[in-house]
Amino acid sequence: MVALAALVVLRGVMLGRSRGSVPCRLREDDRGWQSGVARYADGELHWIPLMGLRLRPRHAIARRGLVVSPRREIEGGLYAVDCDGSTRGISLAMSADAMTGFLAWLESAPPSAYLDVA
């Protein structure tokens, strides 16, 4: 049991230190916030939960067709946006710097991509 707990903690540390990863909370519909790590990969934002055994992303949010709400401040100095368009019912929360990077990533899409950043 201790070995399993150690593997989960080690996995969380490895995810947090991976290149191109940012701490990110995700909320589906009206459920609570889940802590995880977000990575940008090939026009998608991959979200991997911090707790768990799988290394594969639980959510792959495509940049094409993604519509986000204006950002709002929530507890702990985090900023949140609601996603719509290709992804519905998901909210993301990040630090101010990570949110700025996320919005810049959205705006830097190829000209053929449909984007609506409020």
Would V22 and D97 count as a side-chain contact (heavy atoms from CB on, under 4.5 Å) if you check the C-alpha gap in whole Å, the side-chain angles of each, and the deciding distance to 0.1 Å? CA-CA 10 Å; V22 295; D97 291 343; over 6 Å; no
Run the side-chain contact (heavy atoms from CB on, under 4.5 Å) test on L26 and R31 for me, step by step, so that the C-alpha distance in whole Å, both residues' side-chain angles and the decisive distance to 0.1 Å come before the verdict. CA-CA 10 Å; L26 183 135; R31 298 182 198 158; over 6 Å; no
Minimum heavy-atom distance [X]-[Y], with the two atoms named:
| X | Y | result |
| --- | --- | --- |
| A98 | Y40 | O-OH, 4.2 Å |
| R25 | S35 | NE-OG, 4.0 Å |
| E44 | A62 | CG-CA, 4.0 Å |
| R63 | W105 | NH1-O, 2.7 Å |
| H46 | A41 | CE1-CB, 3.7 Å |
| M99 | Y79 | CE-O, 3.1 Å |

Could you give me the CA-CA distance, side-chain angles and deciding distance for V81 and M94, then say whether side-chain contact (heavy atoms from CB on, under 4.5 Å) is met? CA-CA 9 Å; V81 292; M94 308 172 199; over 6 Å; no
Going by the side-chain contact (heavy atoms from CB on, under 4.5 Å) test, name the single residue among I61, D82, V68 that passes it with L92.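 Of the listed residues I61, D82, V68, the side-chain contact (heavy atoms from CB on, under 4.5 Å) partner of L92 is I61.
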Find the distance between SG (C24) and CG (L78) and round it off to the nearest 0.5 Å.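 Atom-to-atom, C24:SG and L78:CG are 9.5 Å apart.
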Please round to the nearest 0.5 Å and tell me the distance separating atom CZ of R27 and atom SG of C83.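 Between atom CZ of R27 and atom SG of C83 there are 11.0 Å.
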Should W33 and W47 be regarded as members of a common hydrophobic cluster, given that ILVMFWY residues are connected when their side-chain heavy atoms come within less than 4.5 Å of each other, either directly or indirectly?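 No, separate clusters.
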Mind checking what makes side-chain hydrogen bond (donor to acceptor under 3.5 Å, both in side chains) contact with R58, not counting sequence neighbours?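 Expected list: none.
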